[in-house]
Amino acid sequence: MPELPEVETIARGVHERVRGRRIVQVWFASHPQPFKTPAAHQARQLEGRPIVAVHRTGKHIVCELGAALGAPSGKQSGKNAGAQWIVHLGMTGRLLVTTPDAPVAPHTHARLGLSGGLELRFVDPRRFGRLDFRDLGRKAGFSAPGAEPLAIGSAEFAALFHGRRLSIKAALLNQSLLAGVGNIYADESLFRAGIRPHKSCGRLTRAELERLRVALNEVLQAAIRLGGSSVSDYVDAEGMRGFFQLEHCVYQRTGLPCRVCQTLVRRIVVTGRGTHYCPKCQR
DNA sequence: CATTTCACCTGGTGGC
DNA sequence: TGCCACCAGGTGAAAT
């Protein structure tokens with residue numbers, strides 16, 4: 001499932017391959033609509049615009065778009081200002097850069113034909129993903145509600161969790177607190193910080209919170225270096241798998257010996273999510 | 001307001 | 001072999 005490192009990997013790959021190209025043709029599937037704004041409106045707005053840059057915010061991929069080719073100046077047009085195409089991959093979403101003649105995978109919901117003979121495709125079997133279009137002439141650019149885990153400082157991080165009663169695992173998954181952490185990296189960072197997943201936020205010491213911030217930062221950076229974790233069907237923009245799943249200490253290692261102390265990894269359910277931890281290393 | 005639960009989806013898996 | 005209940009989990013709406 002795509003979390004921060006996977007989304008970062010995809011955004012970088014897409015950026016490398018499509019930056020500077022223009023959207024010349026847009027096809028959206030008609031029946032299933034995993035779209036925040038109506039498909040027809042998105043398709044109409046996307047066509048003719050250049051892709052200026054692609055980057056990540058939280059778990060969202062943001063494609064920065066320029067004005068449409070030949071759009072008349074003046075407020076009426078709507079295509080003369082910059083815009084954003086925002087992609088959320090949900091659980092099983094893929095954003096792929098292909099050649100136009102590449103076989104179209106099942107559950108392909110969007111195809112953007114680009115200048116220079118490439119296509120940007122959104123594929124999502126379970127349709128948990130979301131596509132959104134934002135006209136920057138009408139509203140501000142997209143920003144994730146939560147803080148950026150790779151940039152946040154000690155005091156701000158501690159303040160996010162201070163005085164809360166819910167478990168630290170549930171808090172890590174709350175995107176309006178921290179943007180980009182999902183089930184894999186919540187479990188892995190709690191292991192590296194030596195903290196029990198169901199421990200209440202309010203009971204964490206300042207030292208534990210700082211250990212968690214550093215552990216989260218390290219695990220996310222390491223995962224980005226390895227192209228993310230391919231635990232189900234995650235692949236990057238070129239269809240390549242990541243390798244960080246080989247470095248997992250607890251996630252999906254139920255019943256296997258802890259890499260540090262050999263105690264068997266345990267699985268519990270916290271707020272409805274499968275949660276993995278070492279009962280000896282994590283207190 | 002804070003927190004928890006549930007529906008949304010489909011593919012893969014295990015039991016019978 | 002086939003069928004089916006069940007699980008995976010990111011998100012947002014509904015419930016508590």
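To find a chain, count down the sequence lines: A is the first, B the second, and so on, and within it residues start at 1.
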Partners of R12(A) by side chain to side chain donor-acceptor pair (under 3.5 Å), sequence neighbours excluded? E8(A)

Just to verify, what does T275(A) make a side chain to side chain donor-acceptor pair (under 3.5 Å) with, not counting sequence neighbours? K169(A)

Protein-nucleotide distance (H109(A), atom NE2; dT10(B), atom C1'), rounded to Å: 10 Å

Rounded to whole Å, please give me the gap between CG in L89(A) and P in dT11(C). 10 Å

If you restrict it to nitrogen or oxygen atoms, what contacts under 3.5 Å exist between nucleotides 11-14 of chain B and the protein, and what is each distance?
{"from": "dG11(B)", "atom 1": "OP1", "to": "H107(A)", "atom 2": "NE2", "distance (Å)": "2.8"}

If hydrophobic residues (ILVMFWY) are linked whenever their side-chain heavy atoms come closer than 4.5 Å, directly or via other members, who joins V123(A) in its cluster? L96(A), V235(A)

For E64(A), check side chain to side chain donor-acceptor pair (under 3.5 Å) against everything at least two apart and list the hits. H55(A), Q84(A)

Starting at CD1 of I86(A) and ending at C1' of dT11(C), how long is that distance when rounded to a whole Å? 16 Å

Which pair of heavy atoms, one from F161(A) and one from F157(A), lies closest together, and at what distance? CD1-O, 3.2 Å

What residues in residues 264-277 of chain A put a non-hydrogen atom under 4.0 Å from any atom of DNA chain C? R267(A), R273(A), G274(A)

Looking only at side-chain N and O atoms, does H88(A) come under 4.0 Å of OP1 or OP2 in dT11(C)? yes

Return the value, rounded to whole Å, for the distance between atom CG of D132(A) and atom P of dT11(C). 14 Å

When the side chains of residues 149-156 of chain A are checked against the rest of the protein, which donor-acceptor pairs come out under 3.5 Å, sequence neighbours left out?
{"from": "S154(A)", "atom 1": "OG", "to": "E210(A)", "atom 2": "OE1", "distance (Å)": "3.1"}
{"from": "S154(A)", "atom 1": "OG", "to": "E210(A)", "atom 2": "OE2", "distance (Å)": "3.3"}
{"from": "S154(A)", "atom 1": "OG", "to": "R213(A)", "atom 2": "NH2", "distance (Å)": "3.4"}

Starting at atom CG of N174(A), determine the distance to atom C1' of dG10(C), rounded to an integer number of angstrom. 12 Å

Rounded to whole angstrom units, what separation is found between the CZ atom of R165(A) and the P atom of dT4(B)? 10 Å

N or O in side chain of Q175(A) less than 4.0 angstrom from dG10(C) OP1/OP2: no

Name all pairs fulfilling the side chain to side chain donor-acceptor pair (under 3.5 Å) condition that reach into residues 110-123 of chain A, sequence neighbours left out, sorted by first residue then second. T98(A)-R121(A), R111(A)-E119(A), E119(A)-R121(A)

Checking E238(A) now: which residues fulfil salt bridge (charged side-chain N to carboxylate O under 4.0 Å, His left out) with it, not counting sequence neighbours? R17(A)

Can you measure L173(A) atom CG to dT5(B) atom P for me and round it to whole angstrom units? 14 Å

Q252(A) atom CD is separated from dC7(C) atom C1', nearest whole Å, by 11 Å

Measure from the ring center of F142(A) to the ring center of H60(A) and say whether it is less than 6.0 Å. yes

Going by salt bridge (charged side-chain N to carboxylate O under 4.0 Å, His left out), name the residues that satisfy it together with K280(A), two or more places apart in sequence or in a different chain. none

Validation: residues 257-264 of chain A side-chain donor-acceptor distances under 3.5 Å, sequence neighbours left out:
{"from": "R259(A)", "atom 1": "NE", "to": "H248(A)", "atom 2": "O", "distance (Å)": "2.8"}
{"from": "R259(A)", "atom 1": "NH2", "to": "H248(A)", "atom 2": "O", "distance (Å)": "2.8"}

Per the under-4.0 Å heavy-atom filter, residues of residues 236-251 of chain A near DNA chain B come out as none

Got a salt bridge between K59(A) and E6(A), using NZ or NE/NH1/NH2 to carboxylate O under 4.0 Å? no

The side chain of E3(A) is closest to which nucleotide in this list: dT10(B), dG10(C), dT3(B)? dG10(C)

Quick check on dT3(B): is either OP1 or OP2 less than 4.0 Å from any side-chain nitrogen or oxygen of R164(A)? yes

